[in-house]
2 protein chains.
Amino acid sequence: MITICDVARHAGVAASTVSYVLTGKRPISAATRSRVLESIRVLGYHPHAGARTSAASRTNVVAVAVPLRDGVHVPVLMRMVAAAVTTARRHGLDVLLMTADQGVGGLRGIAGSAQADGFLVLDVEMDDERVPLLRQLAQPSVLIGQPATTAGLTCIDFDFEAAGAACVEHLADAGHRYIGFLGAPTAVYQRGTGFAHRAMVGFGAAAMRRGVTSTIRPTSGDHRSVLKATGALLRAHPATTALVVHNEAALGRVAVSLRAQGRRVPEDVAVVAICPDELAEQATPSFTSVGVPVEELGRRAVELLVGKLNGQTVPSLTLLEPKLSERASTAGVPGRALARRTNPSRSA
Amino acid sequence: MITICDVARHAGVAASTVSYVLTGKRPISAATRSRVLESIRVLGYHPHAGARTSAASRTNVVAVAVPLRDGVHVPVLMRMVAAAVTTARRHGLDVLLMTADQGVGGLRGIAGSAQADGFLVLDVEMDDERVPLLRQLAQPSVLIGQPATTAGLTCIDFDFEAAGAACVEHLADAGHRYIGFLGAPTAVYQRGTGFAHRAMVGFGAAAMRRGVTSTIRPTSGDHRSVLKATGALLRAHPATTALVVHNEAALGRVAVSLRAQGRRVPEDVAVVAICPDELAEQATPSFTSVGVPVEELGRRAVELLVGKLNGQTVPSLTLLEPKLSERASTAGVPGRALARRTNPSRSA
DNA sequence: CTGAAAGCGCTAACAT
DNA sequence: ATGTTAGCGCTTTCAG
């Protein structure tokens with residue numbers, strides 16, 4: 001192994017000078033700097049991370065906690081992680097991956113043994129058991145998601161409540177009076193998953209405000225379940241002309257399930273999805289969507305964390321605003337669908 | 001921060017004794033051991049990972065390189081990573097996550113700065129640029145996948161060639177004479193991805209051996225592409241009565257695409273997939289499959305790595321044998337389909 | 001079976 | 001602008 005002393009000797013300087021060249025924590029003359037840099041290159045020197053951590057108590061590692069829970073769409077989660085890793089790398093940080101089974105104990109271990117400078121916690125639930133610990137850790141953390149209260153924390157999330165509302169607004173504006181909501185699997189709501197809960201709440205509240213009739217159904221992603229859920233929605237209100245889908249796994253099955261029940265998208269039923277835009281584009285027909293900015297969430301979460309690591313004060317809650325993109329699934333002429341499907345006596 | 005000296009003082013022993021209690025590298029009397037352990041518990045002591053690494057040059061971290069390439073099914077990859085993380089944790093190892101963009105330089109950096117004791121490299125291509133570096137690294141590594149030559153390396157992989165062959169054997173045994181192969185996206189073959197290549201080769205070779213007519217088509221996972229690919233297969237050989245699918249993303253679209261072209265699964269076309277068993281079970285109808293044991297791959301790869309870290313000699317190539325599980329997609333009575341679809345003059 | 005002391009490779013005062 | 005030196009917290013000789 002080649003050490004900082006080897007470099008110092010080779011360049012004819014003191015070890016500390018090499019250190020300062022590397023960290024930039026004090027001015028070095030251009031001449032010695034380049035001499036040192038050259039020696040580093042020639043010898044193929046890499047500072048020993050452990051020793052550096054030991055001396056400077058800084059690891060240049062952030063731990064990312066990814067609970068791989070049921071009903072959470074893995075590809076979506078991973079795009080977030082990938083974005084986080086990329087952003088972390090840009091700031092010279094490596095990423096320690098923690099999964100569900102490590103739980104709270106794992107967090108405490110990594111924190112206690114100083115293996116990471118900070119924590120990025122994904123998929124935070126409303127009543128997340130990790131939150132109390134995070135509050136009292138020496139290391140800063142950023143949560144993606146919203147626990148019951150964000151006081152004393154740094155949280156970033158997509159505004160799912162506004163997203164749910166935006167879907168309703170768009171559909172109601174287009175004249176739809178009966179709107180169904182196809183949500184996440186039951187288990188997701190049962191364990192108090194914030195993003196699912198809030199999307200549904202936003203949907204429901206907006207429906208009330210706009211005076212439209214709404215029905216909600218959970219669904220797992222598989223074909224049978226989607227067919228059953230859409231069937232139930234249509235049976236509850238045969239006049240249903242629009243659907244809001246908040247379930248990535250179900251996306252691909254919605255149109256075929258509706259078709260199997262005699263409704264075409266978008267002619268008979270308009271569909272708006274809450275999901276990453278790329279997923280909505282891939283569906284057939286392409287879905288109008290309120291895009292969940294997964295990459296941006298991962299990226300900005302890391303940027304918040306870097307800010308905290310640098311001693312900056314960051315907002316305790318950052319909410320990313322929803323933006324609706326129209327695509328084929330709402331391209332129908334609502335007048336036509338309404339004329340055929342809606343009870344005339346109820347038409348405004 | 002609470003150090004080993006604090007513990008030593010609290011327990012009334014020397015710091016070295018605390019260290020030996022922790023590492024178990026020399027016999028300690030039951031009395032002092034429990035006294036030390038109690039102090040550790042009371043004070044909430046966690047050994048400082050950096051200091052430990054600095055002194056012992058052991059990190060208890062393995063780096064996992066996950067190139068998130070196009071056409072590689074992310075959920076499948078992630079289940080492998082999750083299994084690897086779990087297994088690593090069981091051996092007291094944490095996991096440093098590396099993604100594609102870090103590339104070869106990233107590997108060299110982590111290795112040089114001694115941030116990991118070993119490397120787990122996923123999704124290795126036949127001519128992978130990381131392989132030369134891995135050969136000359138101080139740290140041991142295990143590759144999941146097979147490069148052109150495995151000499152001097154430790155590789156583990158599912159036997160995709162045998163898997164491709166097993167599909168053909170099963171279908172040929174059932175009397176099918178025209179079998180199509182629906183593969184990964186073109187790009188995957190173009191860049192020499194071993195597992196895709198070998199599955200196809202195994203399929204082709206077995207088809208030759210059994211004297212069945214075979215046609216192969218790549219496909220991206222989306223609806224349009226699957227429809228087009230299956231259409232091309234059926235047009236090339238209208239007598240096609242069986243399909244081998246090696247594309248996780250396409251799974252859900254195969255049956256509907258065939259149906260759209262007037263063929264039912266399994267009555268008209270039998271389907272065998274090469275994919276994780278859980279995915280095959282979820283399809284409608286459920287697919288007979290040669291299961292890719294993703295979790296086992298992740299787990300055993302880590303076990304191999306742990307073996308190497310402990311100085312054991314491990315095989316340079318481990319191949320996991322394929323196992324075929326029958327499900328609904330091959331439940332048709334081949335005689336019937338053959339009678340309808342096959343040119344009588346060619347029937348055995 | 002346990003202590004004392006000398007490092008591990010690096011950083012950060014303290015010097016000049 | 002650079003060198004010298006004292007740690008960082010832990011492991012591991014060397015002694016007893």
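Here is the naming used below: chain letters follow the sequence lines, and residue numbers restart at 1 for every chain.
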Open item on the list: Please report the end-to-end axis angle for the helix from C:dC1-D:dG16 to C:dT16-D:dA1, five pairs per end, rounded to 10 degrees.
Closed with: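 The end axes of the helix from C:dC1-D:dG16 to C:dT16-D:dA1 are about 40° apart, to the nearest 10°.
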Open item on the list: Taking 4.0 Å as the cut-off, does a side-chain nitrogen or oxygen of A:Ser19 come that near to OP1 or OP2 on C:dT11?
Closed with: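 So the side chain of A:Ser19 is within the cut-off, an N or O lying under 4.0 Å from OP1 or OP2 of C:dT11.
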TODO: Extract, from 5' to 3' on DNA chain D, the first and final nucleotides lying under 4.0 angstrom from some heavy atom of chain B.
DONE: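 Listed 5' to 3', the contact boundaries are D:dG9 to D:dC14.
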Suppose we screen for side-chain contact (heavy atoms from CB on, under 4.5 Å). Which residues come up paired with [X], at least two apart in sequence or across chains?
{"X": "A:Thr154", "answer": "A:Val142, A:Leu304, A:Lys308, A:Val314"}
{"X": "B:Thr87", "answer": "B:Arg90, B:His91, B:Arg299, B:Val302, B:Glu303"}
{"X": "A:Val42", "answer": "A:His10, A:Glu38"}
{"X": "B:Arg26", "answer": "B:Tyr20"}

Open item on the list: If the condition is salt bridge (Lys or Arg N to Asp or Glu O under 4.0 Å), which residues does A:Asp101 pass it with, not counting sequence neighbours?
Closed with: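 Result, salt bridge (Lys or Arg N to Asp or Glu O under 4.0 Å) vs A:Asp101: none returned.
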Open item on the list: For B:Glu125, give me all partners under salt bridge (Lys or Arg N to Asp or Glu O under 4.0 Å), at least two apart in sequence or on another chain.
Closed with: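 So B:Glu125 forms a salt bridge (Lys or Arg N to Asp or Glu O under 4.0 Å) with B:Arg69, B:Arg191.
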- [ ] Send over the distance from B:Ile4 CD1 to C:dT2 P, rounded to a whole Å.
- [x]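 Distance, rounded to whole Å: 15 Å.
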Donor-acceptor contacts under 3.5 Å from residues 44-51 of chain B side chains, at least two apart:
residue	atom	partner	partner atom	Å
B:His48	ND1	B:Gly50	N	3.1
B:His48	ND1	B:Ala51	N	3.0

Identify all pairs in which a protein N or O lies below 3.5 Å from an N or O of nucleotides 13-16 of chain C, and state each distance.
residue	atom	partner	partner atom	Å
C:dA13	N7	A:Tyr20	OH	3.3
C:dA13	N6	A:Tyr20	OH	3.4
C:dC14	N4	A:Arg26	NH1	3.4

TODO: With sequence neighbours left out, write down each residue that passes side chain to side chain donor-acceptor pair (under 3.5 Å) with A:Ser57, or none if nothing qualifies.
DONE: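 Testing A:Ser57 for side chain to side chain donor-acceptor pair (under 3.5 Å), a comparison that skips the adjacent residues, returns none.
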TODO: State which residues pass side chain to side chain donor-acceptor pair (under 3.5 Å) with B:Arg89; sequence neighbours excluded, sorted by chain then number.
DONE: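 Residues passing side chain to side chain donor-acceptor pair (under 3.5 Å) with B:Arg89: B:Asp94.
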